[in-house]
Novice: 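Sharing a structure below in structure tokens format, with a few things to ask.
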Amino acid sequence: MTPEHVRDQQFATTRLTTGYNEQEVDEFLDRAEFTLEVLQQGRPERATLSAKDVERVQFSTTRARPGYDPAQVDRFLDVLAEELRRYEQR
């Protein structure tokens, strides 16, 4: 996974069902992109997220306004956590 992969990630938008707050998810993905960038540069001390952070994150949910599909976001976060775990085990 590359920083660009995180930046380009898109999720379906929910309507009239529960979704994740888009702004919170986008801000978290910005941190993930930065973390992958510094890890790939060999600067793990600058990482702002760990695999545990990704596993523990909880986003606010939406009902009356659009939000990101929770299942898609959760699947992506599982892959992201696994990628960060690989860096942490080096």
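These numbers were taken from a predicted model, which means no experiment stands behind them.
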Novice: Per the side-chain hydrogen bond (donor to acceptor under 3.5 Å, both in side chains) rule, which among Asp53, Asp30, Thr35 passes with Thr48?
Specialist: Thr35
Novice: Give the minimum heavy-atom separation between Val25 and Phe11, together with the two atoms involved.
Specialist: CG1-CE1, 4.1 Å
Novice: What heavy-atom pair brings Ala32 and Val6 nearest, and what distance separates the two atoms?
Specialist: CB-CG1, 4.2 Å
Novice: Would you say Glu33's side chain and Glu4's backbone share a donor-acceptor pair under 3.5 angstrom?
Specialist: no
Novice: Mind checking the CG-CG spacing from Leu36 to Leu49? Nearest 0.5 Å is all I need.
Specialist: 9.0 Å
Novice: I need the Gln23 CD to Thr62 OG1 distance, nearest 0.5 Å.
Specialist: 12.5 Å
Novice: I want to check a possible cation-pi pair here: Arg90 against Tyr87, using under 6.0 Å from ring centre and within 45° of the ring axis as the test.
Specialist: yes
Novice: Is atom CD of Gln58 surrounded by more than 12 heavy atoms (other residues, nucleotides or ligands) closer than 6.0 Å?
Specialist: no
Novice: Output yes when a side-chain donor or acceptor of Glu24 lies under 3.5 Å from a complementary backbone atom of Ser60, and no otherwise.
Specialist: yes
Novice: Which atoms form the tightest heavy-atom contact between Pro70 and Thr14, and what is the distance?
Specialist: CD-CG2, 4.2 Å
Novice: Would you say the side chains of Thr61 and Thr18 form a donor-acceptor pair under 3.5 Å?
Specialist: no
Novice: Give, for atom CD of Glu27 and atom CZ of Phe59, the distance between the pair rounded to the nearest 0.5 Å.
Specialist: 10.0 Å
Novice: Determine, stepwise, if the pair Phe28 / Val57 fulfils side-chain contact (heavy atoms from CB on, under 4.5 Å).
Specialist: CA-CA 9 Å; Phe28 190 82; Val57 69; 3.7 Å; yes
Novice: Please assess Phe34 against Leu29 for the test side-chain contact (heavy atoms from CB on, under 4.5 Å), listing each intermediate value before the final yes or no.
Specialist: CA-CA 9 Å; Phe34 175 80; Leu29 292 181; over 6 Å; no
Novice: Who pairs with Pro66 by side chain to side chain contact (heavy atoms under 4.5 Å, CB included), at least two apart in sequence or on another chain?
Specialist: Thr13, Arg15, Glu22
Novice: Looking at residues at least two apart in the chain, or sitting in another chain, which of them share a side-chain hydrogen bond (donor to acceptor under 3.5 Å, both in side chains) with Asp26?
Specialist: Tyr68
Novice: Would Gln72 and Leu77 count as a side-chain contact (heavy atoms from CB on, under 4.5 Å) if you check the C-alpha gap in whole Å, the side-chain angles of each, and the deciding distance to 0.1 Å?
Specialist: CA-CA 9 Å; Gln72 289 183 5; Leu77 292 178; over 6 Å; no
Novice: Rounded to the nearest 0.5 Å, what separates atom CG in Leu39 from atom CZ in Arg46?
Specialist: 11.0 Å
Novice: Look at the rings of Phe76 and His5 and say which category their plane angle falls in: under 30° parallel, 30 to 60° tilted, over 60° perpendicular.
Specialist: tilted
Novice: If Ile, Leu, Val, Met, Phe, Trp and Tyr residues are connected whenever their side-chain heavy atoms lie under 4.5 Å apart, and connections chain through other members, are Val38 and Leu80 in the same group?
Specialist: no
Novice: Kindly indicate whether the side chain of Glu88, heavy atoms from C-beta on, has any atom under 4.5 Å from the side chain of Arg86.
Specialist: no
